[in-house]
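My questions all concern the structure below.
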Amino acid sequence: MRLSKFSAVRLFAFVAMLTPGLWLILKFIQQDLGANPVEFLTHQTGKWTLIFLLTGLAISPLKNILGWKSPMKLRRMVGLYAFFYACLHLTIYWVFDQSLSFTYVWDDIRKRPYITIGFSAWLLLIPLAITSANYFRKRMGKNWIRLHKLAYLTALLGLIHYVWLIRADYAETFIYAAVLFLLLGYRLIGSPKLEFKIRRSQA
Amino acid sequence: MASKFDRNYGLTENDVTDEALFNARRRFLRSGALGSAVAFASLPLWANSSLDSLAGRLGAAKRTQEMDEKLTSYQDITQYNNFYELGTAKSDPHENAKALNTSAWTVSVEGECAKPGTFTLEDILKPHSFEERIYRLRCVEAWSMVIPWTGFPLADLLKRFEPTSKAKYVAFETLYDKAALLPGQKRRTIEWPYREGLRIDEAMHPLSFIAVGLYGKPLPNQNGAPMRLVVPWKYGFKSIKSIVKIRFSETEPETSWNMIAPREYGFYSNVNPNVSHPRWSQQRERRIGELFKVPTKLFNGYEAEVASLYTGMDLSKYY
């Protein structure tokens, strides 16, 4: 399977996943992001990060359960978009919330657990983004698959980061949490390796 | 966009005075004796019925408290609100504003006072002369606004009920009509009704204010119509909206955010950059309308006026 092959589907997916970002930039220029545009941009880029992380994680279960194979060709792009929106999210926070100060950011990472967790999730995405290149994929073999299981952890950390900032209304985060726990549950219960282990322990 | 005024007199938001014009007018009105003559003469002829006279009184209120900062726009003040009774998203209160019915409003006054009772809004407002005050409102979420409120000192209202020596605290409640729940009250995001309270000396402090107007117009529903509290040196959630109950008590009353998360929101909740919220810093704040943050001031900049209320108290303990 050649991942970099150009196709109309890939082009469409590329533009589609860029659209939320372009939409935010357009609204920002038009000053149409409400009374607190920075908060809006931060929340939106954070949500899109989580959405693309969960979408990326859903692709292989969809293949296994429903036999949808073609989304697998887009999985790397989805993952890289998650990283792209996470970078935007962090940049907006660094520029506008922390006035481009590394000291302020470091203070926050040290003192505010929700920031510590969010920042850790972003750090974990870096090796995943780098090793998504074919070069690494080919050379790392099984380790590549092991490493990229970290995507589950980043999604979980991202979700905790989100929930931890809420003051009273958790309704919206339930949806993300439900999707993540379905995916995690499937991975743990439905994984062939685990099934094998369970069978062996029962024997 | 449809106006969300409670009593809108057929006005839309286009009829709201432009801020530049509003400020210019205020400067003119302040500029001398002529001011009051003009203000009086400009009272419309229809300023007779009780509601219309409210509008007239609001328009004629003189500014008694200035702030050397640019006012937050009317649009931002009325479209970015925390008022969970009308929904938890910032845009919900503006969108759901019509759900709040402020007609036939009454306020029940209870507890340690000589003259308790249930009062109509007209009863409550009638004896007070209105003034306009520019206050900064600092939300616990690290944003702030600069708002021209119209109303009267809370102390003037409370004294009318003659609180007894046992009245050490004042508790307030927001509307919670089980027969006509507001959209946000259909879910138990918090334990309704919303409750707030002040120590009696805080309540009697000259800065504590009852607001009935905003930018010289009746208070829009999403901002806490028909009457709300404004305590400028405390985080915004202390400034309870749409008040239906005032109770004088000997003991510290329960307050909503303290009930939800006592470690995060104390009874006092004075603005204090040195005491962080357990989850986020309070050192800086974003003024709505600006992109970058600015430093937060102790007691939201009202330190000279209110610090003496807390002499000898450890503000990190009594947060």
Side-chain angles (χ1 to χ4, degrees), chain A residues 24-25 27-47 88 91-119 159-175, chain B residues 72-82 84-85 87-95 139-145 147 184 186-192 194 222 235-237 256-257 259-261 264-265 276-295:
Chain A
L24 288 175
I25 292 168
K27 299 267 273 186
F28 182 74
I29 292 168
Q30 293 175 330
Q31 300 196 358
D32 192 23
L33 293 179
N36 195 343
V38 176
E39 180 191 66
F40 188 82
L41 288 172
T42 310
H43 287 174
Q44 286 293 314
T45 50
K47 276 183 200 173
L88 278 180
T91 307
I92 292 162
Y93 157 82
W94 172 53
V95 174
F96 295 112
D97 279 349
Q98 306 303 348
S99 310
L100 287 146
S101 155
F102 289 110
T103 323
Y104 286 162
V105 172
W106 181 237
D107 264 10
D108 244 13
I109 292 171
R110 274 170 45 233
K111 290 182 192 163
R112 317 286 164 207
Y114 88 96
I115 295 283
T116 318
I117 284 176
F119 190 73
L159 182 70
I160 294 169
H161 165 74
Y162 179 14
V163 171
W164 209 321
L165 199 57
I166 291 169
R167 289 180 65 201
D169 187 358
Y170 294 92
E172 202 176 340
T173 54
F174 281 141
I175 303 163
Chain B
T72 305
S73 76
Y74 182 84
Q75 180 176 323
D76 285 348
I77 296 171
T78 56
Q79 298 188 16
Y80 186 81
N81 307 94
N82 277 328
Y84 283 14
E85 284 78 351
T88 51
K90 294 282 187 296
S91 51
D92 287 345
H94 173 253
E95 282 161 21
C139 179
V140 74
E141 294 165 359
W143 53 265
S144 56
M145 295 182 177
I147 304 177
K186 289 171 186 166
R187 288 197 298 137
R188 259 195 65 179
T189 40
I190 71 168
E191 198 183 317
W192 309 107
Y194 190 78
Q222 64 269 32
Y235 291 119
F237 66 84
S256 286
W257 281 103
M259 291 160 72
I260 295 164
E264 300 188 346
Y265 311 98
S276 64
H277 185 282
R279 287 181 279 163
W280 57 82
S281 166
Q282 296 291 19
Q283 283 186 331
R284 289 172 306 126
E285 69 201 54
R286 175 171 294 116
R287 195 83 77 248
I288 293 302
E290 289 171 22
L291 292 178
F292 292 95
K293 291 187 168 183
V294 293

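Here is how names work: the chains are called A, B, and so on, in the same order as the sequence lines, proteins then strands, and each is numbered from 1. These numbers come from a predicted model, not from an experiment.
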(message) With heavy-atom distances below 4.5 Å as the criterion, would you say the side chains of Arg167(A) and Glu264(B) are in contact?
(response)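 Sidechains of Glu264(B) and Arg167(A): no contact.
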
(message) Can you tell me which portion of Ile92(A) sits under 4.5 Å from chain B's heavy atoms? Options are side chain, backbone, both or neither.
(response)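 Interface part for Ile92(A): neither.
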
(message) As an exercise: rank Asp107(A), Val95(A), Asp108(A), Ile115(A) by heavy-atom pairs under 4.5 Å with chain B and give me the winner.
(response)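 Looking at each option in turn, the highest pair count goes to Val95(A).
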
(request) To the nearest 0.5 Å, tell me how far Asp97(A) CG sits from Trp280(B) CH2. (result)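 So the gap between those two atoms works out to 12.5 Å.
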
(request) Side chain from CB out, backbone as N, CA, C, O: work out which of these in Glu172(A) comes under 4.5 Å of a heavy atom of chain B, or both, or neither. (result)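 Contact with chain B is absent: no heavy atom of Glu172(A) under 4.5 Å.
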
(message) So for Phe40(A), is it side chain, backbone, both, or neither that comes closer than 4.5 Å to the heavy atoms of chain B?
(response)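 Phe40(A) has no heavy atom closer than 4.5 Å to chain B.
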
(message) Do Tyr104(A) and Arg284(B) make a side-chain contact, defined as non-hydrogen atoms from C-beta onward lying under 4.5 Å apart?
(response)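 With C-beta onward as the side chain, the pair touches.
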
(message) How close do Arg286(B) and Phe96(A) get, counting heavy atoms only, and between which atoms?
(response)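 Nearest pair, atom of Arg286(B) first, then Phe96(A): NH2-O, 3.4 Å.
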
(message) How long is the straight-line distance from CG of Asp169(A) back to OH of Tyr84(B), given to the nearest 0.5 Å?
(response)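 Tyr84(B) atom OH to Asp169(A) atom CG measures 7.0 Å (nearest 0.5 Å).
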
(message) Below 4.5 Å, heavy-atom pairs only: which of Lys111(A), Gln98(A), Gln31(A) has the largest tally toward chain B?
(response)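 Highest number of pairs under 4.5 Å: Gln98(A).
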
(message) Does any backbone or side-chain atom of Asn82(B) lie under 4.5 Å from a heavy atom of chain A? Answer side chain, backbone, both or neither.
(response)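 Side chain only.
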
(request) Return the option, out of Glu141(B), Lys293(B), Arg279(B), with the maximum number of heavy-atom pairs under 4.5 Å with chain A. (result)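 Maximum pair count with chain A is reached by Arg279(B).
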
(message) With side chain to side chain contact (heavy atoms under 4.5 Å, CB included) as the test, pick out the partner of Asn36(A) among Ile288(B), Asp76(B), Leu291(B).
(response)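 Per the side chain to side chain contact (heavy atoms under 4.5 Å, CB included) rule, the option paired with Asn36(A) is Ile288(B), out of Ile288(B), Asp76(B), Leu291(B).
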
(request) Could you walk me through whether Ser276(B) and Arg112(A) pass the side-chain hydrogen bond (donor to acceptor under 3.5 Å, both in side chains) test, one step at a time? (result) CA-CA 10 Å; Ser276(B) 64; Arg112(A) 317 286 164 207; 3.3 Å; yes

